[in-house]
Student: 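The structure that follows is given in the form of structure tokens.
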Amino acid sequence: MRILKQILSEFSIKERKILSDHFSNTDESVFAIITPRQVDRGALMSRYSRTDKSMRRIFLDEFLKNKNRGEEFYNRVLLEYGDDSVAELGEAQIAIEGLSNIAVKKIEDRRIGLSYLEKSSRYVAWNKKEDGKYRFYRDPEIKKSKYADLYEETCNFSFDVYSKNIEPMINYVREKYPIEKYSFKDSTDAIEKSFSKLKLESDIKSANMIYKGSTKAKALDILRGLLPASTLTNVGITGNGRAFEYLLTVLGASDLKEEQDLASKINKELDTTIKSFVRRADDEYGKAFQKYLKDVKKKSKKVASKYIKSNPTKDSFTKLVDYESEKSSIDKIISSIIYEQSPSTSYQNILKIVKKISTQEKTRIIREFAELRTNRRHRLSRAFENVYYTFDLCNNFGMFRDFHRHRALTLERQLLTTDHGYSIPNEIKILGIEKEFKECMDMTKNTFEKIRINHPEQSQYVVNFAYNYPYFIKFNLREACHLIELRTVPQGHIDYRRVAQQMFSQINKVHPNLSKVMKFVDMKEYDLERFESEKRTEEKRKKLKK
């Protein structure tokens with residue numbers, strides 16, 4: 001009550017009327033900043049930390065009469081003082097349409113400060129043409145090389161095989177998994193029944209929607225390995241100025257023309273929304289940073305070429321290659337669990353005491369914390385971040401794209417090549433298109449090998465999603481729990497479900513007690529991965545219509 005009186009007495013009636021256009025309320029201690037210019041919103045937040053004035057008073061005294069106050073503030077703080085954190089106060093949303101699957105991965109490598117939504121390869125068929133041509137990226141370096149026609153022919157062949165087999169694959173999936181095999185909710189009594197027993201037209205319609213959606217997704221999942229990395233996709237990005245500034249610098253330092261062009265295009269659009277927050281990407285600071293990134297890459301290549309000889313495996317694999325003993329891991333986790341709630345004492349002292357607790361008692365403590373989780377969205381506490389696992393992986397590029405979206409981990413990857421062989425879904429063999437599939441992969445490999453001699457980075461564009469791709473992941477137990485439980489849900493793609501299941505099995509082998517915290521790992525296999533998820537979505541649609 002006293003705070004409310006202070007607020008009311010601070011502003012005159014005239015001032016409150018002005019403030020109402022810029023703040024969600026003028027008489028509460030909690031309010032939203034709604035002043036239209038983002039640069040002013042960010043500058044207000046920054047200025048707020050360096051004065052004892054209230055925010056609304058800052059606006060009246062410093063911003064109302066000077067329309068350039070926000071710009072001036074950022075010019076001074078960002079350019080003169082380099083206070084990076086204030087750049088996080090400007091946010092923007094950018095949509096990028098028609099970029100390759102190589103470029104989108106480079107963008108999505110940026111983990112902090114940016115969020116992404118990318119076009120899916122399981123809900124959308126990528127067989128459409130534009131002006132009579134398939135939608136894939138045609139790199140300028142390749143176009144002016146002697147391999148231009150071969151590149152075009154190879155990508156077209158990949159799309160041809162993919163496109164002409166969409167309907168046959170959907171028909172095959174529906175023949176193998178007929179709708180009569182599945183049950184659907186009868187709205188008259190809310191009981192799950194086989195399709196043939198549904199009577200209401202609305203229920204039959206819903207059942208067909210569920211079935212068609214899940215079978216189409218299954219078919220597209222199977223065929224996506226045929227798509228080349230040049231396939232054009234769309235991505236939406238939401239992020240703050242600091243993260244965008246770093247993204248622009250990374251793209252600008254790329255050896256690929258597509259990524260350099262994207263840096264310029266994104267920067268141009270950000271100038272219309274958060275110009276003050278990304279201004280350094282184009283100045284001496286940005287150029288020096290780009291040079292540093294290029295120098296790091298050059299030095300890394302030099303070191304690698306000195307010590308490492310190429311020895312590619314032709315098989316996919318998932319291997320746990322680095323971890324601590326379970327005993328040491330449990331001691332760290334329990335010490336961290338009790339640290340926050342302990343009487344004043346050091347972590348070192350707590351760890352010393354925990355080491356003396358019996359193994360049986362420590363196992364019981366871990367089990368009790370696991371039992372507190374009643375669904376997979378109950379995240380483990382930060383105490384479980386004290387244990388790390390490193391996995392060496394080589395899986396098909398299509399699957400990698402799904403794991404790549406996890407950002408609370410360390411992921412390093414190599415260039416996309418045809419060196420590591422490829423994976424063929426069993427359904428490709430059963431449908432009778434294995435020969436054509438292999439012809440596609442062989443043609444890709446031949447083209448790739450020729451282009452990579454002079455254009456190693458550009459040659460990535462021709463490589464199909466089915467080709468195996470090497471990378472490693474390092475994550476803590478908390479993130480391992482999130483990733484593995486999420487990626488083994490029934491609706492997940494069969495490829496990444498199997499890899500996540502292998503991860504769990506290997507962690508369980510070395511840490512049988514700690515792995516019990518991962519309560520919601522699904523080790524089963526499913527016919528139509530999207531079926532149950534489509535049913536839940538349809539139920540939500542029905543409720544919205546009521």
Side-chain angles (χ1 to χ4, degrees), residues 98-107 109 133-160 226-233 249-265 290-314 394 396-398 400-401 412-422 438-471:
L99 74 164
S100 76
N101 272 263
I102 295 298
V104 79
K105 292 306 113 187
K106 175 65 74 68
I107 289 172
D109 275 336
K133 295 181 177 181
Y134 287 119
R135 300 188 72 250
F136 59 85
Y137 183 69
R138 292 156 173 90
D139 179 80
E141 290 294 316
I142 296 176
K143 281 178 73 174
K144 65 184 183 184
S145 75
K146 62 181 178 180
Y147 302 114
D149 291 341
L150 180 61
Y151 174 83
E152 187 82 14
E153 183 185 349
T154 303
C155 288
N156 278 329
F157 186 64
S158 294
F159 272 95
D160 280 341
L226 289 159
L227 294 168
S230 59
T231 301
L232 297 181
T233 185
T249 307
V250 170
L251 292 175
S254 172
D255 292 330
L256 293 176
K257 185 69 166 57
E258 179 189 18
E259 292 171 3
Q260 294 168 12
D261 289 346
L262 278 172
S264 299
K265 291 175 182 177
Q290 283 187 26
K291 182 182 181 303
Y292 164 73
L293 293 175
K294 289 179 179 179
D295 288 345
V296 167
K297 184 176 180 179
K298 186 177 179 181
K299 179 67 72 174
S300 299
K301 280 184 178 179
K302 186 176 180 181
V303 174
S305 63
K306 181 178 180 181
Y307 296 106
I308 307 298
K309 302 298 180 187
S310 179
N311 184 29
T313 175
K314 295 294 182 183
C394 189
N396 68 73
F397 181 68
F400 162 80
R401 292 161 61 254
E412 292 285 358
R413 59 198 182 93
Q414 298 176 0
L415 289 179
L416 179 60
T417 71
T418 61
D419 295 341
H420 305 278
Y422 53 85
K438 287 182 175 180
E439 284 176 3
C440 179
M441 297 301 129
D442 291 343
M443 186 174 186
T444 291
K445 185 170 181 63
N446 177 59
T447 303
F448 171 81
E449 293 289 1
K450 290 176 179 176
I451 296 175
R452 86 188 298 189
I453 296 170
N454 296 315
H455 308 286
E457 296 215 22
Q458 288 81 358
S459 61
Q460 295 179 96
Y461 287 117
V462 80
V463 182
N464 307 92
F465 286 11
Y467 271 100
N468 292 324
Y469 187 51
Y471 58 105

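No hydrogens, no waters, no symmetry mates; every other heavy atom, side chains included, goes into these values.
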Student: Ignoring hydrogens, what is the shortest heavy-atom contact between Y467 and K445? Give both atom names and the distance.
Tutor: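 Scanning both residues completely, I find the closest heavy atoms to be OH-CB, 3.6 Å.
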Student: Is it true that E457 and K297 make a salt bridge, defined as a side-chain N closer than 4.0 Å to a carboxylate O?
Tutor: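 Looking at E457 and K297, the cut-off is met.
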Student: Can you tell me if Q414 uses its side chain to pair, donor with acceptor, with the backbone of Y469 under 3.5 Å?
Tutor: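 Checked: no pair found.
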Student: Are any of the side-chain heavy atoms of K438 and Y422 separated by less than 4.5 Å?
Tutor: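 K438 vs Y422: side chains touch.
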Student: Any chance you could measure I451, atom CD1, to Q458, atom CD, to the nearest 0.5 Å?
Tutor: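 Nearest 0.5 Å value for the CD1-CD distance: 9.5 Å.
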Student: Distance-only, no hydrogens or angles: does the K314 side chain make a donor-acceptor pair with backbone N or O of D419 under 3.5 Å?
Tutor: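 Present.
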Student: Donor-acceptor pair, distance only, cut-off 3.5 Å: does the side chain of S254 make one with the backbone of V250?
Tutor: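 Checked: no pair found.
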Student: In Å, rounded to the nearest 0.5 Å, how long is the span from CG of D149 to OG1 of T154?
Tutor: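 The OG1 atom of T154 is 10.5 Å from CG of D149, to the nearest 0.5 Å.
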Student: Distance check, rounded to the nearest 0.5 Å: K450 atom NZ versus S459 atom OG?
Tutor: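 It is 14.0 Å, given to the nearest 0.5 Å.
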Student: Do you know the tightest heavy-atom contact between G252 and Q260?
Tutor: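 G252 and Q260 have their closest heavy atoms at O-CG, 4.2 Å.
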Student: Could you tell me whether the side chain of F465 reaches within less than 4.5 Å of the side chain of N101, counting heavy atoms only?
Tutor: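 Side chain of N101 against side chain of F465, heavy atoms only: contact under 4.5 Å found.
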Student: Quick one: closest heavy-atom pair of E258 and Y461, and the distance?
Tutor: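 E258 and Y461 have their closest heavy atoms at OE1-OH, 2.7 Å.
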Student: Any side-chain heavy-atom pair from F448 and T417 closer than 4.5 angstrom?
Tutor: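 In contact.
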Student: Determine whether E153 and T447 make a side-chain contact, defined as any pair of heavy atoms from C-beta on separated by less than 4.5 Å.
Tutor: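 Answer no - side chains too far apart.
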Student: Would you name the heavy atoms of N468 and N396 that are closest together and state the gap between them?
Tutor: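 Smallest interatomic distance, heavy atoms only, reads OD1-N, 3.4 Å.
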Student: Do you know which of D160, T231, N156 makes side chain to side chain donor-acceptor pair (under 3.5 Å) with Y134?
Tutor: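 Testing each of D160, T231, N156 against Y134, the sole residue satisfying side chain to side chain donor-acceptor pair (under 3.5 Å) is D160.
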Student: Out of K143, R138, K144, which one pairs with E141 under the salt bridge (charged side-chain N to carboxylate O under 4.0 Å, His left out) rule?
Tutor: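 Per the salt bridge (charged side-chain N to carboxylate O under 4.0 Å, His left out) rule, the option paired with E141 is K144, out of K143, R138, K144.
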Student: Closer than 4.0 angstrom, basic N to acidic O: yes or no for D109 and K105?
Tutor: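 No salt bridge links D109 with K105.
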Student: Do Y137 and C155 come within less than 4.5 Å of each other through their side chains, counting heavy atoms only?
Tutor: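 No. Closest side-chain heavy atoms not under 4.5 Å.
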Student: Within this structure, what is the OG1-CE distance for the pair T418 and M441, rounded to the nearest 0.5 Å?
Tutor: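 So the gap between those two atoms works out to 11.0 Å.
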Student: Please round to the nearest 0.5 Å and tell me the distance separating atom NZ of K302 and atom OH of Y307.
Tutor: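 OH of Y307 is found 10.5 Å from NZ of K302.
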Student: State, to 0.1 Å, how close S145 and H455 come at their nearest heavy-atom pair, and which atoms those are.
Tutor: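 Looks like CB-NE2, 4.1 Å.
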Student: With a 4.5 Å limit on heavy-atom distance, are the side chains of C440 and N464 in contact?
Tutor: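 Yes, side chains in contact.
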Student: Which class fits the ring pair F400 and Y471: parallel under 30°, tilted 30 to 60°, perpendicular over 60°?
Tutor: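 Ring orientation, 0 to 90° scale: perpendicular.
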Student: Please determine whether salt bridge (Lys or Arg N to Asp or Glu O under 4.0 Å) holds for the pair K257 and D261, giving the CA-CA distance in whole Å, both sets of side-chain angles, and the decisive distance to 0.1 Å.
Tutor: CA-CA 6 Å; K257 185 69 166 57; D261 289 346; 2.8 Å; yes
Student: Compare every heavy atom of Q460 with every heavy atom of L416, then report the nearest pair and how far apart it is.
Tutor: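 Answer, listing the atom of L416 first, then Q460: N-OE1, 3.0 Å.
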Student: Roughly how far, to the nearest 0.5 Å, is CG of L262 from OG of S100?
Tutor: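 The CG atom of L262 is 8.0 Å from OG of S100, to the nearest 0.5 Å.
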Student: May I ask you to test the F136-S158 pair for a side-chain heavy-atom distance under 4.5 Å?
Tutor: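 No. Closest side-chain heavy atoms not under 4.5 Å.
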Student: Mind checking whether L232 and L99 have side chains closer than 4.5 Å, heavy atoms only?
Tutor: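 Answer no - side chains too far apart.
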